There are 2 protein chains.
Amino acid sequence: MEKVSIRQLERYPIYLNYLLSLRESGVSSISSPAIAKALSLSEEQVRKDLQLVSRSEGKPKSGRNIDELISDIQEFLGYKKVTNAAVIGVGHLGQALMNYKGFAEFGLNIVCGFDVDSSLIGTKVNNKEVFSLYSLSSKIEQFDIKVAILVTPKESAQEVANMLVNAGIKAIWNFVPVHLNINDKIAVENVNLASSLAILEHNLKQKGDE
Amino acid sequence: MEKVSIRQLERYPIYLNYLLSLRESGVSSISSPAIAKALSLSEEQVRKDLQLVSRSEGKPKSGRNIDELISDIQEFLGYKKVTNAAVIGVGHLGQALMNYKGFAEFGLNIVCGFDVDSSLIGTKVNNKEVFSLYSLSSKIEQFDIKVAILVTPKESAQEVANMLVNAGIKAIWNFVPVHLNINDKIAVENVNLASSLAILEHNLKQKGDE
DNA sequence: CTTATATCAGTATAAAATTATTGATATATA
DNA sequence: TATATATCAATAATTTTATACTGATATAAG
């Protein structure tokens, strides 16, 4: 496999999204410059990104076949095989994630939630049961859960992360704004809204100054 | 202002978070290498990042004063002045965002929500009223709303974004997985969960292969 | 008080990512 | 069918970002 950069990885879902919407409106082929224009990227970047994951070459003048391109990106991103996940911490955000329908198209299947709050345990959110955090190990095995979606309060995030690792989780999608110190055999990806907001505010300030 | 990179901007909230937790546990000064170690970064990177925003210099052997550092980062990120925001689209995620307490510390104040669903209009979420999307212009002015937090369905995102711009919004924090074509006077920052998940899955796969 | 050293600031180097360039070619158009 | 051109792949140049190095200095330890 050729090396793919983090930045590239971030772009593929964006391409995919756009291509899917194009296909819905009946388009059957597209060129890199056209994609670039639609997504405000450079054509070189788009071409390189697509070259990396696409099995067939693009054709001058006509571009690439959309169906093939979609299939190749989905394949590359692993959307074609299902990964089971669980939400850890069934608060507002946790529940919103459990209710989110869109994960299915990413191959992510949220099978259940975990919490310590006894008033939540045994309830269902979007038809997915909420279990006690202390049944983690058995449920992870039982449901073949690979990814933990961590949405606990800050204070308990590290402790719960340790529990997850002990219970055999291989990847943590961390929505808690805390740096987790974790065995580097485990994949950790942080969703940091504060970082995103910092960029927005910075841009807002700059545009205001112009 | 010296130039700051996107990557750096993303890191400041992470530093801040860590420093706040340190201060809570009574620590009063910290060195760049110590921060680097705690957050799994390189000491050079941390030092450069801090140099950029810190008004006072660090001292060999003892490092930097935590209170000062926290204050400088907060100042730099604009956390000390309040920016009013509104949630556009009061679904599961929109409600979760309206309920999220953490934005206050970022200087972001969600004042209300907007939706087109008449069963939502007039209700309150976390004590913030939900207005009709068609009252956008007047409310934006009335409440001095600067940032729109966009959480609509895909299909309507672009159309609503246009309405927001017409109504005078200066920044859009876009949670919808759609590329918005917007006047570049407006700051747009995309929160793309699919991108984040793509990175996680890629790492998961790589670690599995090792 | 003196010395050793951790940390600093500033600069230089290296790595990563993006953008530009070049020559080739498949297709649309005449 | 011939020609012009949009797009391609591959490579080179540039820019951005991260890391390493150097000499200076404030503090801890003796």
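None of these values were measured; they are calculated from a predicted model. Residue numbers begin at 1 in each chain, while the letters A, B, ... track the order of the sequences.
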In whole angstroms, how far is the P atom of D:dC8 from the CD atom of A:E68?
-> 14 Å
Pull out every protein N or O sitting under 3.5 Å from an N or O of nucleotides 13-17 of chain C, one pair per line with the distance.
none

Calculate the interatomic distance between B:R64 atom CZ and C:dA6 atom P; express it in whole Å.
-> 18 Å
Would a line drawn from the ring center of A:W173 to the ring center of A:F103 be shorter than 6.0 Å?
-> yes
Whole-Å distance, B:L41 CG to D:dA18 P, equals 10 Å
Yes or no on side-chain contact (heavy atoms from CB on, under 4.5 Å) for B:S54 and B:R64, after CA distance, side-chain angles and deciding distance?
-> CA-CA 9 Å; B:S54 170; B:R64 292 164 195 275; 3.5 Å; yes
Heavy-atom pair with the smallest gap, counting every atom of B:A167 and B:L136 = CB-CG, 4.2 Å
Considering non-hydrogen atoms only, spot the tightest contact between A:N181 and B:S40 and give its length.
-> ND2-OG, 4.4 Å
Determine whether A:I73 and A:L19 make a side-chain contact, defined as any pair of heavy atoms from C-beta on separated by less than 4.5 Å.
-> yes
Minimum heavy-atom distance A:A96-B:A96, with the two atoms named | CB-CB, 4.0 Å
The helix from C:dC1-D:dG30 to C:dA30-D:dT1: angle between its terminal axes, five pairs each, to 10°?
-> 30°
Please identify each residue that fulfils side-chain hydrogen bond (donor to acceptor under 3.5 Å, both in side chains) with A:K139, with sequence neighbours left out.
-> none
Between A:S56 and B:Q8, whichever has its closest DNA chain D nucleotide further toward 5' is A:S56
Atom-pair distance (CD on A:Q51; P on C:dT18), nearest Å | 15 Å
All side-chain contact (heavy atoms from CB on, under 4.5 Å) counterparts of B:P60, not counting sequence neighbours | none
Taken to the nearest whole Å, NZ/B:K37 to P/C:dA6 is 13 Å
Nearest-Å distance, CD1 (B:I35) to P (C:dT7)?
-> 11 Å
A:V46 side chain near A:L39 side chain, heavy-atom distance below 4.5 Å | no
Scan residues 23-32 of chain B against DNA chain C and write down, sorted by residue number, each residue with any heavy atom closer than 4.0 Å; if none is found, say none.
-> B:S31, B:S32
Just call it for B:E57: base, sugar-phosphate, or nothing, with non-hydrogen atoms closer than 4.0 Å on any strand.
-> sugar-phosphate
Closest non-hydrogen atom pair between B:I182 and B:A161, with its separation | CD1-CB, 3.7 Å
Per-nucleotide protein contact string for nucleotides 20-30 of chain D (B base, S sugar-phosphate only, - none; heavy atom under 4.0 Å) | B----BSBS--
Given atom CG of B:N65 and atom C1' of C:dC8, what is their separation to the nearest angstrom?
-> 16 Å
State, to 0.1 Å, how close A:N203 and B:A187 come at their nearest heavy-atom pair, and which atoms those are.
-> CB-CB, 3.8 Å
Between A:E75 and A:K80, which heavy-atom pair has the shortest distance, and what is it?
-> OE1-CD, 3.3 Å
So, A:R47 and A:D49, do they make that salt bridge, N to O below 4.0 Å?
-> no
From the options B:T152, B:L97, B:I88, select the one residue that forms a side chain to side chain contact (heavy atoms under 4.5 Å, CB included) with B:F175.
-> B:L97
